[in-house]
Each structure stands twice: as structure tokens, then as C-alpha cells.
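No hydrogens, no waters, no symmetry mates; every other heavy atom, side chains included, goes into these values. Read the numbers this way: they start at 1 and go in the same order the structure lists the ligands and their atoms.
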Amino acid sequence: MTHDGATGAGPRIDADALQAAAVAAAPALLDAVRARIGTAGADALLVTAPANVRYLSGFSTPADGRVLVTGDGAWLLTDERYTVQAAAESWLAEQVIARDWLARVAELAAGQTLAIEAEHLTVAQRTTLERKLGSTVVPTEGLLRPLRMRKRAFEIAWLREAARITDVALTRVVDDLLRPGVRELDLALELERAMRAEGADGTSFDIIVASGPRSAMPHGVASTRRIEAGDLVTIDLGARVAGYHADMTRAFGVGRVAEPLRGWYRAVLAAQRAALLAVAPGATGVAVDGVARERLAEAGLAEYFTHSLGHGTGLEVHEGPSLSSRSTDTLEPGMVVTVEPGVYHAGQGGLRIEDLVLVTTDGHEVLSSTPKDYREFG
Ligand code: ZN
Ligand code: ZN
């Protein structure tokens, strides 16, 4: 039921070269961050959101790290558990190992107007920091979001590799295991094993395997339910590689699947393909979302598409830009987004089809390659 040694093929990417590219890109990134700090009316920024800590430093345990950026310096701050790791991984020139990191931030930023990430620093930490600084801080929200949305070449390479691993794992596991009697949980377990064996750090999120009536739940994490003939099975998964998150969904029939589910599949696939064609520089998140929603409305299914069309991925599985009716984003080359319409009908079931897509200078490139034409297994 399993493939020996998973592959033995080894990584398809040159991890050392990508790491070197990240290090080489760090000074320009810090310049861009300093420009953003200026727009916030501050001189320095304390970064505490884990994905942003990793973005700026390369530190792979960012929940236990912080980054301070001032006009002429940038530091990774962490504690004694990470002395060796921080020195090995961080591409910032200086590391500070300190339990009382708020005190060190106050020393390093003394006399400067310090911005904080209001969505991540706790109220207690802010109070302590202001007392140690002797001045008030400047709360900011989403300050680094515009930078994070536009991926640099090495980030796109990591996302491409994460998408490849996701494709390999899904194809292998459904071919081997998808049939009546298998439990959703066992599919999820094998998918995770296959992704890790192919080179993933881990999974982007808890794998969704939603079969039969459970497929009416957009986020039905794998359960002990045994798949039955006649089920539509939605599988949403992603490999995480070097901190970068892939995200893809496919739906499959097991045995003969009846109407109306087959019709829903055709409608969702048509909406997904139409929305993909709309992904290009200059397209707004509202417009691309609207394309899928209109297609589903033509099929009489608009009310069953209950979430937004897509989201950016990167160092977080959900990040900017947003493809939704409330989006304020416009697509630009280098952005990586998902396109994932779905239909969910309580009591009957549903499905979603999701690809990872790169916005290019003249349109888009779909990074997911698992076929989307309807297939039945078992
Ligand atoms: Zn997904
Ligand atoms: Zn998604």
C-alpha cells in the first residue's frame, strides 16, 4: 500500500542556493521595511508576529523570536534555547540572547519613536515596554503586508516546491488508498507521511478529508468516518517547505456518484477555470471573486458558495492578497494566491476545487498540477 522509501529521488530544488538568495535579498528588504516604518511616523519597529519574524530573519522558530529594526540596525532577539540555531539561521547581522527581551528592545530603541505590531504584542507587553522606554509606542496593523504579498524569486521557488510535493502526495495516496471502507483519518495520515517523505517540513494545516454528508462542511477535518460507495470526497491539503505553505483541494468520486453531486462538480470546475482565467496583474480581488460567483449563480448555486474565492499564501497559509467581495487588493506579478470555489449543501454534501496560482507579468501560472477532470475511484 505504500511506496518504498517514498521516492529516494531527493529534493528537486537547491536549498543552499535559495538560502543564499534570501541572505542576499535581506538588505534590500530591510530598506523596504524602513520605508514602511517611516510611513507609520516611527523610527523603529518591533516585529513580534511569527511569520514576520521569520520573513525578516530566517529564524525557523519564530514564535520564540522577535526582530527589532531601527534606522541603522536590525536584531533577532531570542533566548538561550536558540543560541546555536539563531547564529546558524539568522541573516540579520546581530542576535540578542536575552530572557528579558522587552528590556533589551527598550535599550536598543532608546530615544526613538518605536512602532509595534498591534495585532501581536499583548497589552501587558506594551505596558511594560512603554514603562521601560519612558515613552509611548506607535501601534501599527499590517505594516509588512504589502511587502509579504509580492514574493521574491526564491520565495516563489519554495512555494513551487511545496506545490509539487502536495501534488505528488495526493496522486500517490488516492491511487493507492481511495476506495470504499477506508477511513478519512487514514487517508490524512498517509497524505502527511507522503508529503514529509517527499521533503515537506510538515503540513500547512490539519488535512481536510470530508466524505459523503461531511463534504457539506467546508473545513471538515478528517474523521473516523469510513468512505462509502457513492460518496464525493473533498481533500484539502498542503505541504510546508522552508516555512512556505502550499494549499490545494481536489474532490473525487468513490463508486458511482449520483446527481445532483455530479452536476455540482461540473459547476464548481467551470467556475474555478473561469476565475483562473481572470487572474492577471491589474485584476482586483473583488473582480476575480465575482467571476466564480457569477458562474455559480448561472448554475443556481450562488447561495451554496459560502466563503471567499481565495487568499494569498506564503509564510502563512492565509495571507494577503484576498480574493473576495470585500477585498481591497489588486493583483501584481509575484503574488501567489489560491482560487477555490466550492458548493456546500447541508444534508447532501458538497465539494471544492482549489489551485495555487502565481501572478506573472502577463497573466498567471497554475502551480498545482493534479488533474481536475472528474474521476471515480474504487
Ligand atoms: Zn485549501
Ligand atoms: Zn485555501
Task: Total protein N/O/S atoms whose distance from the Zn ion (ligand 2) is less than 2.8 Å - done: 4

Open item on the list: Quick test of your reading of the model: are R226 and E184 salt-bridged, counting only N-O distances below 4.0 Å?
Closed with: no

Task: Nearest-0.5 Å distance, CG of residue L77 to OG of residue S90 - done: 10.0 Å

Open item on the list: Please verify the inter-ring angle class for Y374 with Y265; under 30° counts as parallel, over 60° as perpendicular, anything in between as tilted.
Closed with: perpendicular

TODO: Would you mind listing every salt bridge (Lys or Arg N to Asp or Glu O under 4.0 Å) that reaches into residues 113-125, with sequence neighbours excluded?
DONE: none

TODO: Determine, for R273 against D373, whether the closest basic-nitrogen to carboxylate-oxygen distance falls under 4.0 angstrom.
DONE: yes

- [ ] Please check if atom CG in D14 has more than 12 non-hydrogen atoms from other residues, nucleotides or ligands closer than 6.0 Å.
- [x] yes

